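Computed from a predicted structure; not experimentally measured.
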Amino acid sequence: MLCSRLSPSSFHLSPLRLLGTAASRTVGFKQAELHPTALNFEDPSAFRVKSLGELLRALTVFRLCSFPVLVNNCGKLMSMARSILGRKAFSSLLRPTVYAQFVAGENESEISQSMEKMSLLGLRPMLAVPIEEDLGESTGERRYDDNMAIMLECVRMSHSNAWCKDPMMQLKVTALLNPELCVKLTAVIAQQPYDLDLLVRAMDGEHVIFPGLDQKEGTHLMYGLQRLDKIAKASVNNVRVLVDAEYTYMNPALSLVTMAMMKKYNRDNAWIWNTYQCYLKLCSHPDKVLSVCFCLGVKLVRGAYMDKERKLAEKEGRIDPIHQSWEDTNDSYNGCLDVMLRTISQNPERYRIIVASHNEESVRRAAKRMEELHIDKDRGSVCFGQLLGMCDHVSLTLAKEGYAVYKSVPYGSVDDTIPYLVRRAQENRTVLQGIRKERDLLRREFKHRVGGILRGGG
């Protein structure tokens, strides 16, 4: 059971504080004594499970994604195309291309077809509702209630369909709680930390006073917590809910409400997970101790908001919150990863992690450590995650070797998902521009397939 050595306040000041102390002690080992495991990510035969049409689509989409000018301006370009072509023609153009590459479908029938195919490949879906808000985009309580209903439907779909064992889904708190309030709450708890019990009481329907918030803000926070509580309650024993991290100016508030859900619902198993961004600089406070005990689920990522975070820090005259180098981020990621794997090896029932990475070195490292620590591949305490439509050479190879592999799967209409995909594309520029290897593997498999057809081999 998690009896963290950090107080709630330290959690909110830095989302990686929980792992930071131990990770900082582990960073020193860097790459020492770890050799790549036998995983082979160089073999194009991993794509044999894809049809010729799927290979061609992926090659086309990835080629477009390799041009920075297209990625950086994809939102504007899509708006122009929609204005020129009209909504129907625009949708018809995107559906068999970008949409089909990165989105599972619009309705449950289409999603089920995609998920059943994924299941045959040994991959597990992690549904992601494409709803989120940033500053200036708040929509009001009714819209947040509508979003909650969509999230509850995602819970239902995830566990009622036999797509995989141990289903997961993603959740963004800003789909249910005003981003401006999250920023205000972040500032408040930096000066006056909240006890998690206060939030749990609000989830249970008790009227509470939130220090530092006015009546309107407190009422909205209470409504938001109760929306989150309904989703968490529906997920227990059904679906593991992975709460996404977002921007540093609101992450402490997001971690606060996530921890409250974890305290209430993770008593015997990790149903609610938090996300930890390893591109953020760490600041550890080992002397502070959490008095609560619950299971811990960790989604470990490097981070996707680097450009915006740095520009905002420069504009506001703050210290850059992002590690100065890729190597520092890698050390942070590997250190946290090693801490979690060692902890899981000692108590796999209470701790879980998803290695959410497209980085082959990190994936190999995790697999190697699992072997060394005798962690069962398929038990679920350690799993891997990549985005739908990307990094399939890693996902398929891992699945073939018996590891638990999840694909983050957005779904919805073209109108609903394209803004979400545009944001993800702009946040993951380096990932999109670094898919040359996957494109080369796809090209080799495509040539092999076409050559077989020309030779009469089908």
Quiz prompt | Counterpart residues, salt bridge (charged side-chain N to carboxylate O under 4.0 Å, His left out), relative to K165 (two or more places apart) | solution =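 Result, salt bridge (charged side-chain N to carboxylate O under 4.0 Å, His left out) vs K165: D378.
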
Within this structure, what is the [atom1]-[atom2] distance for the pair [X] and [Y], rounded to the nearest 0.5 Å?
| X | Y | atom1 | atom2 | result |
| --- | --- | --- | --- | --- |
| Y411 | D416 | OH | CG | 10.5 Å |
| T97 | L94 | OG1 | CG | 4.5 Å |
| M169 | I231 | CE | CD1 | 6.5 Å |
| I131 | M151 | CD1 | CE | 5.0 Å |
| K230 | L152 | NZ | CG | 8.0 Å |
| M261 | L199 | CE | CG | 10.0 Å |

Polar side-chain atom of [X] near backbone of [Y] as donor-acceptor pair, under 3.5 Å:
| X | Y | result |
| --- | --- | --- |
| T329 | H323 | no |
| T60 | L56 | yes |
| Q386 | H358 | no |
| S345 | R342 | yes |
| S119 | W163 | yes |
| T275 | V243 | yes |
| D392 | S395 | no |
| K264 | K233 | no |
| N40 | E42 | yes |
| N251 | E246 | yes |

Fill in: Residues in side-chain hydrogen bond (donor to acceptor under 3.5 Å, both in side chains) contact with D146, at least two apart in sequence or another chain
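With sequence neighbours excluded, D146 shows a side-chain hydrogen bond (donor to acceptor under 3.5 Å, both in side chains) to no residue whatsoever.
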
Between [X] and [Y] (salt bridge meaning N to carboxylate O under 4.0 Å), is one present in this structure?
| X | Y | result |
| --- | --- | --- |
| K50 | E445 | no |
| D244 | K299 | yes |
| D440 | K437 | no |
| D166 | R352 | yes |
| R156 | E108 | yes |

Would you call the rings of F47 and H393 parallel, tilted or perpendicular, where under 30° means parallel and over 60° means perpendicular?
tilted

Side chain proximity check, [X] to [Y], heavy atoms < 4.5 angstrom:
| X | Y | result |
| --- | --- | --- |
| C383 | M168 | yes |
| V61 | F102 | yes |
| F90 | I84 | no |
| C182 | L177 | yes |
| F41 | V363 | yes |
| Y333 | V355 | yes |
| M259 | F294 | yes |
| Q226 | M203 | no |

Please report the closest heavy-atom contact between [X] and [Y], naming both atoms and the distance.
| X | Y | result |
| --- | --- | --- |
| L396 | A46 | CD1-O, 3.2 Å |
| V239 | W271 | O-CE3, 3.5 Å |
| P252 | T248 | CD-O, 3.4 Å |
| I272 | S235 | CD1-OG, 3.9 Å |
| T174 | M250 | CG2-SD, 3.5 Å |
| I354 | W273 | N-CZ3, 3.5 Å |

Does the side chain to side chain contact (heavy atoms under 4.5 Å, CB included) test come out yes or no for V409 and I111, once each step is laid out? CA-CA 9 Å; V409 179; I111 297 166; 5.6 Å; no

**Prompt:** More than 12 foreign heavy atoms under 6.0 Å from NZ of K377: is that the case here?
**Reply:** yes

- Item | R87 atom CZ, over 12 foreign heavy atoms within 6.0 Å | no

*Could you verify whether a donor N or O on one side chain and an acceptor N or O on the other, from R436 and S66, lie under 3.5 Å apart?*
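Checked: R436/S66 side chains show no N/O donor-acceptor pair below 3.5 Å.
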
Return yes if a side-chain donor-acceptor contact under 3.5 Å exists between R124 and Y406, otherwise no.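 Looking only at side-chain atoms, Y406 and R124 do form a donor-acceptor pair, the distance falling under 3.5 Å.
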
*asked:* What verdict does the side chain to side chain contact (heavy atoms under 4.5 Å, CB included) test give for Y99 and S91, after you've listed the backbone C-alpha separation in whole Å, the side-chain angles of each residue and the deciding distance to 0.1 Å?
replied: CA-CA 9 Å; Y99 180 93; S91 179; over 6 Å; no

- Message: Evaluate L39 against L398 for side chain to side chain contact (heavy atoms under 4.5 Å, CB included), listing each step before the verdict.
- Response: CA-CA 8 Å; L39 292 172; L398 284 169; 3.7 Å; yes

Tested for side chain to side chain contact (heavy atoms under 4.5 Å, CB included) against C336, the lone hit among L341, I353, L300 is L300

field: Worked verdict on S413 versus D415 for side chain to side chain donor-acceptor pair (under 3.5 Å)
entry: CA-CA 5 Å; S413 67; D415 288 341; 5.3 Å; no

Take F62 and Q101, measure what side chain to side chain contact (heavy atoms under 4.5 Å, CB included) needs, and give me the verdict at the end.
CA-CA 10 Å; F62 287 171; Q101 183 69 22; 3.8 Å; yes

- request: Could you walk me through whether E361 and N330 pass the side chain to side chain donor-acceptor pair (under 3.5 Å) test, one step at a time?
  value: CA-CA 10 Å; E361 179 193 348; N330 283 343; 4.7 Å; no

